Amino acid sequence: MILKSKDSRQEDIQELNRLLGLNLSAKQRFLVERELKCLQAGERNEQNSAYYLDFSYKDSQNWAVIHDLRIEHRGRVAQIDHLLINRFLDVYVLESKNYYYGIKITPEGEFLVWNGKGYQAIESPVEQNARHIQALQMSVDDRNLAPRRLCFAISINYRNFVLLAPTSKIIRPEKAPFDLSSIVKADAFVSYIDQIMDKKSIIEAPKLIGSDTLRDFAEKLVRLHRPGSFDYAAKFGVAEVEGANAVSAPPVVAMPEAPTYGPDTDAPANKPACRNCRNENLTIVYGKFGYYFKCGVCDGNTPIKITCGKDGHNERIRKEGQKFFRECADCGSSKLFFVNP
């Protein structure tokens with residue numbers, strides 16, 4: 001069940017474009033343009049992550065999904081990208097990040113991104129998200145929002161995860177001072193959660209709450225939301241003088257809309273066939289070089305060829321149970337192309 005969708009940032013985008021039409025210094029223009037591009041990139045990445053969560057959990061009564069939750073409490077502000085809550089009261093606090101060239105993690109736990117010329121250190125998204133969790137936990141505890149059983153609050157397990165774009169490259173060290181499994185590509189996160197749920201012990205069964213209780217708890221969290229407002233003119237020191245001449249600079253071109261990855265479940269027009277015996281009795285298996293077709297008649301191998309029809313696009317295969325999807329990160333398409341028998 002989806003309890004809250006992402007707030008629109010169109011007013012912020014319009015305001016930043018308006019500032020670009022004023023007489024700005026070179027430094028101010030650079031800062032405003034950078035803010036606008038970062039905002040648009042963040043919007044796209046959060047929408048991509050939201051797609052995978054919504055696609056898997058929107059119809060489930062065992063999970064509650066909250067997007068874009070901003071909390072103010074005890075002088076702290078937490079901007080939480082996504083919350084995923086199950087009936088065991090596992091609260092997955094998810095931070096979406098869009099590192100264009102990928103990310104590298106050192107053995108000391110330092111995060112580095114490639115800027116096109118060299119690696120640059122950045123704030124740890126794990127620590128950043130930990131502060132969000134602390135603010136969320138204090139808000140829940142101070143307001144006694146946790147579900148109760150026999151007059152006692154049921155313990156809540158907060159989980160810290162960082163979601164990266166499916167196309168991001170992650171370079172991990174052999175050893176690190178924290179659990180690197182908390183850094184996951186957005187398209188693989190649901191499968192990772194399924195593995196965690198499969199390992200749930202019967203000992204945890206008494207903690208299980210009902211779907212109505214889950215919804216009630218999640219709705220209480222949604223009511224904590226306090227939308228943020230930004231004075232960009234003050235932030236960048238833009239003095240707006242009445243009657244001042246505005247420059248005719250065009251607005252920064254918006255980035256392409258976030259891929260919606262709306263799955264097209266139409267069956268393919270032409271069924272794949274074995275390249276050796278031309279039989280259609282195929283199964284997709286995974287090998288050393290990726291996915292391929294295995295023939296059930298001659299036991300031969302056939303390469304899988306996928307395309308969205310546009311040259312140079314970044315395509316991949318995504319497995320969901322026995323279903324296999326052809327996905328393109330560039331044009332935002334996702335199509336079911338084969339189902340294993």
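Atom set for the values below is all heavy atoms of this structure, side chains included, hydrogens, waters and symmetry mates excluded. In this text the structure is predicted, and so the values were computed from the model without any measurement.
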Item to check | Neighbour count above 12 (heavy atom, 6.0 Å) for Asp212 CG | outcome: no
Next on the checklist: Please determine whether a side-chain nitrogen of the Lys or Arg among Asp81 and Lys97 lies less than 4.0 Å from a carboxylate oxygen of the Asp or Glu.
Outcome noted: no
Next on the checklist: If we count only N and O atoms by modelled type, under 3.5 Å, do the side chains of Asp142 and His73 hold a donor and an acceptor together?
Outcome noted: yes
Checklist entry - Step by step, would you call His82 with Asp68 a side-chain hydrogen bond (donor to acceptor under 3.5 Å, both in side chains)? => result CA-CA 6 Å; His82 316 280; Asp68 194 16; over 6 Å; no
Item to check | Check: Leu136 and Val93 side chains under 4.5 Å, non-hydrogen atoms | outcome: yes
Next on the checklist: Could you check whether Lys235 pairs with Glu35 (Lys NZ or Arg NE/NH1/NH2 to Asp/Glu carboxylate O, under 4.0 Å)?
Outcome noted: yes
Item to check | Check: Tyr192 ring centroid to Phe161 ring centroid under 6.0 Å | outcome: yes
Next on the checklist: Does any part of the side chain of Tyr232, heavy atoms only, come nearer than 4.5 Å to the side chain of Val238, both counted from C-beta?
Outcome noted: no
Checklist entry - If you count the non-hydrogen atoms of other residues, nucleotides and ligands that lie under 6.0 Å from CD in Glu11, is the total more than 12? => result no
Checklist entry - Is any side-chain heavy atom of Phe293 closer than 4.5 Å to a side-chain heavy atom of Cys274? => result no
Checklist entry - Should the heavy atoms of other residues, nucleotides or ligands under 6.0 Å from NZ of Lys319 be counted, would the total exceed 12? => result yes
Next on the checklist: Whether Lys104 engages the ring of Tyr119 as a cation-pi pair (distance to the six-membered ring centre under 6.0 angstrom, angle to the ring normal within 45°) should be assessed.
Outcome noted: yes
Item to check | Exercise: do Asn160 and His132 side chains pair donor with acceptor under 3.5 Å | outcome: no
Item to check | Atom pair CZ/CE of Arg143 and Met138 - distance to nearest 0.5 Å | outcome: 10.0 Å
Checklist entry - Hey, does Leu94 have a side-chain heavy atom less than 4.5 Å from the side chain of Leu83? => result no
Item to check | Arg76, CZ atom: more than 12 neighbouring heavy atoms under 6.0 Å | outcome: no
Checklist entry - Under a 4.5 Å cut-off applied to non-hydrogen side-chain atoms, are Leu180 and Pro173 in contact? => result yes
Checklist entry - Going only through I, L, V, M, F, W and Y residues with side-chain contacts under 4.5 Å, is there a path from Val190 to Val184? => result yes
Next on the checklist: Whether the side chain of Asn86 engages the backbone of Leu89 through a donor-acceptor N/O pair (distance < 3.5 Å, no angle test) should be reported.
Outcome noted: yes
Next on the checklist: Phe338 and side chain to side chain contact (heavy atoms under 4.5 Å, CB included): which single residue from Ile284, Ile317, Thr283, Ile306 fits?
Outcome noted: Ile284
Checklist entry - How about Val140 and Ile156: do any of their side-chain heavy atoms sit closer than 4.5 Å? => result yes
Checklist outcome for this item: To the nearest 0.5 Å, atom CG of Leu224 lies from atom CD of Glu72 at 11.0 Å
Checklist entry - Taking side chain as C-beta onward, heavy atoms only, is Pro303 less than 4.5 Å from Arg275? => result yes
Item to check | Near-ring test Tyr52/Phe189, centroid separation under 6.0 angstrom | outcome: no
Checklist entry - Is atom NZ of Lys294 surrounded by more than 12 heavy atoms (other residues, nucleotides or ligands) closer than 6.0 Å? => result yes
Checklist entry - Under the 3.5 angstrom rule, does the side chain of Arg318 hit a backbone N or O of Phe325 as a donor-acceptor pair? => result no
Next on the checklist: If you define the side chain from C-beta out and look only at heavy atoms, does anything of Arg87 sit under 4.5 Å from Ser211?
Outcome noted: yes
Checklist entry - Can you say whether the rings of Tyr291 and Tyr286 are parallel (under 30°), tilted (30 to 60°) or perpendicular (over 60°)? => result perpendicular
